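By convention in this document, chain letters (A, B, ...) are assigned in the order of the sequence lines, proteins followed by strands, and residues within each chain are numbered from 1. Quick note: numbers below take in every heavy atom, side chains included, and nothing from hydrogens, waters or symmetry partners. Not measured: the values here are computed from a predicted model.
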Amino acid sequence: MKTYGWTIGLCLFSAVVIVTFLTYSAFDRLPQYALVTAEGDDSAAARMELMGVTTVSGRYEVLALTTRGSVYDSEKSAYQKMIAEARPWIDYMPDIRKLQNDYRQFMRGKGDYRGLFQDDEWLVYVKTSRTKAAEKGIVVTFHVDMLDKTGKKKNRFDTTITLPSEPSLPYSFQNVDVMDVQRVGRELHVMTMQHDTCIVFVLDPDSGTLLRAHALDFAAFGDGSAIPVQIIGETRRSYPSEYVVIRLEEWPAITEGVTASNPEREYLAAYHYATGEIRPIEGMDRDRSEDTNSIYQMEDGTFSLINYNAHQAEFRSVRLDRGEVQSLVVQSQQFGAESIRSVKWNEGKLYLLLQGNETSAVILEAPGGKLLYRGVVKAEGSAEEAKRRLEKLQIYDLEIHA
Amino acid sequence: MKKITGWQAFVRLLNFEIRRFRWMLVGLMAITAVIQIGSLVTTLLTKLESRRQDRLSWNHGAQQDTEPQWTPFSFVDLVEQELLMEFTWPILIGVAVIGIYIFFIWYREWFGKDTFIYRLLMLPQPRFHIYMAKGCAIVLFTFSLVAFQIVLIPLEQWLFHIILPEEMRLPSDFSAAVRVHPVWEMLLPEAADQFVFSYGVGIISVMVAFTAILLERSFRGIGIVYGIVYAAVCAAAMLLPVGVLEMQNPDAWLYPGEILAVELTACAVVALVSLGFGYWLLNRKITV
């Protein structure tokens with residue numbers, strides 16, 4: 001036995017120390033925080049995550065905090081960090097996550113979610129590529145993948161347009177960016193935006209041909225010089241929507257060679273896919289003051305705007321098919337807080353992150369305003385220890401998990 | 001004469017390899033302990049002396065009117081701000097020595113004062129035991145050094161605690177200490193799956209190096225080229241899946257779990273091919 005002393009000793013030493021180290025690391029927990037229900041039903045907050053940072057032994061630790069407790073980035077397994085969360089945005093896109101689970105093969109390589117569309121029958125993905133052909137100009141190809149959900153039958157076709165020789169198109173652009181895809185009857189309508197122009201390409205999925213393409217005309221907005229800058233489609237990218245909203249900016253004329261740094265006016269236009277009608281959306285102007293954040297969103301045909309600053313959040317929404325604007329104004333003092341840190345709207349609920357003596361989160365029915373949930377961030381430990389831990393915690397945002 | 005089993009023969013060879021390197025291993029541990037503890041103690045004593053001088057000056061009224069104040073600091077702060085390099089050097093020395101020894105463990109059999117390889121290859125047991133014993137010895141040396149470093153950290157924290165008076169120090173835990181030093185963080189992954197993956201890749205790399213060495217020993221001059229090409233192909237097979245398949249690209253054809261499966265398969269294939277190839281070279285190509 002003595003002959004093997006070194007071997008046995010080294011084996012035992014290494015095994016005992018490394019196993020102890022890994023066991024200790026597995027059970028060693030950083031300070032725990034949780035969102036504790038103060039009012040309402042905590043199931044309403046089940047998908048809400050508060051994102052924050054704290055310091056432990058002088059080191060910054062990033063964490064997500066829920067009603068179930070806190071999850072530190074540094075405590076996640078390598079599999080969790082590198083594989084399960086390799087594409088973290090999916091965790092906040094419930095429709096895309098479900099599509100990847102239900103139609104795993106079809107969804108391969110389909111990463112530009114603006115090109116996705118689904119209804120009860122079809123799942124469609126449209127993307128474009130661009131090549132420069134000698135003596136022909138720019139050739140843009142629409143690559144369309146379709147899946148008949150009922151029969152799981154696939155159809156794939158490419159539709160090619162050549163710029164600038166394609167008739168009925170303005171030719172000031174060289175590429176085509178897909179911003180939204182919708183199905184109208186048996187037609188596929190592909191909304192694109194490029195160089196101040198929005199063009200809807202209408203494809204026939206049966207023949208794989210381009211039926212027509214028309215540039216949207218915004219001449220009726222302002223003095224006629226407004227240009228499209230943002231396409232606001234359904235938040236759940238793949239969901240069907242009758243409308244899409246286009247945000248337009250009108251810039252002041254250049255005087256004495258000086259260009260303005262901010263647009264003079266902004267307009268919102270609702271485009272109806274089936275009829276091609278464009279109409280202005282009134283009463284949904286964002287607050288452009290410097291201390292105010294604005295978020296436009298669309299969910300199930302309801303277009304919404306959140307204007308919020310440190311003290312107040314204003315939520316406005318309009319059903320695009322009916323046109324009636326509803327609003328809800330919330331102030332931080334209503335909930336005993338000093339300031340509003342972040343606001344999100346998701347599935348008809350308004351989520352607010354509030355700060356003051358304590359950090360809290362509130363969920364309201366929007367635009368109704370009924371309080372569904374109020375929770376306060378608490379730390380584990382004795383009163384003094386918890387106070388010290390809360391002082392080190394900074395919550396900076398909230399997200400709604402899929 | 002009592003006949004020994006294959007298992008016993010392997011253990012004997014492993015023990016033989018460990019005994020050959022034991023003083024070098026002890027030396028590496030001693031270097032690590034002396035440099036890390038030495039630099040820690042020296043730094044702490046310098047800070048204490050500086051504080052003593054400040055207090056002396058204040059007592060004699062030579063400097064400020066108010067008592068000099070000290071900002072307390074933790075072991076983590078000290079390592080991060082002042083001892084990063086001092087703690088890195090001994091680890092790098094250990095890595096370099098083990099790295100060189102991966103080659104030396106084979107070449108010493110040919111280039112020692114006796115060509116010991118003749119005696120090793122003439123043993124009645126399967127030759128592959130030699131390969132396995134050398135491989136296991138390298139892994140054991142590595143884990144011993146890693147374990148020694150794990151033991152050193154709480155010891156250094158304890159020294160920090162007893163040298164500094166309470167008003168000068170802040171608390172810091174073991175996990176924070178491990179994460180503060182980039183080399184410690186790399187050598188001592190706290191997540192068990194990361195630990196297994198990191199050291200698994202290290203063990204496969206040792207197998208690849210052994211096979212490359214056996215290629216050189218089998219084919220001599222041109223064997224160097226074969227060895228380098230073999231190592232390059234294996235490195236490409238292990239690195240390309242993660243590099244090319246783009247784990248974080250939403251447009252990537254494969255899902256992250258599938259990319260992991262490809263990577264693990266590539267690693268398993270490289271390991272099996274290296275073992276099999278090494279077995280074949282040792283049995284069929286190396287002759288005495």
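With a 4.5 angstrom heavy-atom cutoff, Thr3(A) touches chain B via backbone and side-chain atoms both. Both the backbone and the side chain of Leu140(B) come within contact range of chain A, with heavy atoms under 4.5 Å apart. With a 4.5 Å cut-off on non-hydrogen atoms, Leu145(B) does not touch chain A at all. With a 4.5 angstrom heavy-atom cutoff, Glu75(A) does not touch chain B via any of its atoms. Using a 4.5 Å cut-off between heavy atoms, Phe195(B) touches chain A through its side chain atoms alone. Contact annotation for Ile90(A): neither backbone nor side-chain heavy atoms come within less than 4.5 Å of a heavy atom of chain B. Only the backbone of Glu246(B) comes within less than 4.5 Å of a heavy atom of chain A; no side-chain atom from C-beta onward does. When heavy atoms are compared at a cutoff of 4.5 Å, Tyr255(B) approaches chain A by way of both its backbone and its side chain.
Inspection of non-hydrogen atoms places Arg179(B), Val180(B), Leu188(B), Pro189(B), Glu190(B) of residues 179-190 of chain B under 4.5 Å from chain A.
No side-chain donor-acceptor contact under 3.5 Å links Asp193(B) to the backbone of Ser77(A). Remark: side-chain polar atoms of Arg108(A) are not paired, donor with acceptor, to backbone N or O of Asp251(B) under 3.5 angstrom. Proximity of a side-chain donor or acceptor of Arg59(A) to a complementary backbone N or O of Ala176(B) within less than 3.5 Å is not detected.
A salt bridge links Arg104(A) to Glu258(B): at least one charged side-chain nitrogen sits closer than 4.0 Å to a carboxylate oxygen.
Contact count against chain A (heavy-atom pairs under 4.5 Å) is highest for Val11(B) among Val146(B), Asp77(B), Val11(B).
For the atom pair Phe16(B) CZ and Trp6(A) CH2, the distance stands at 16.0 Å (nearest 0.5 Å).
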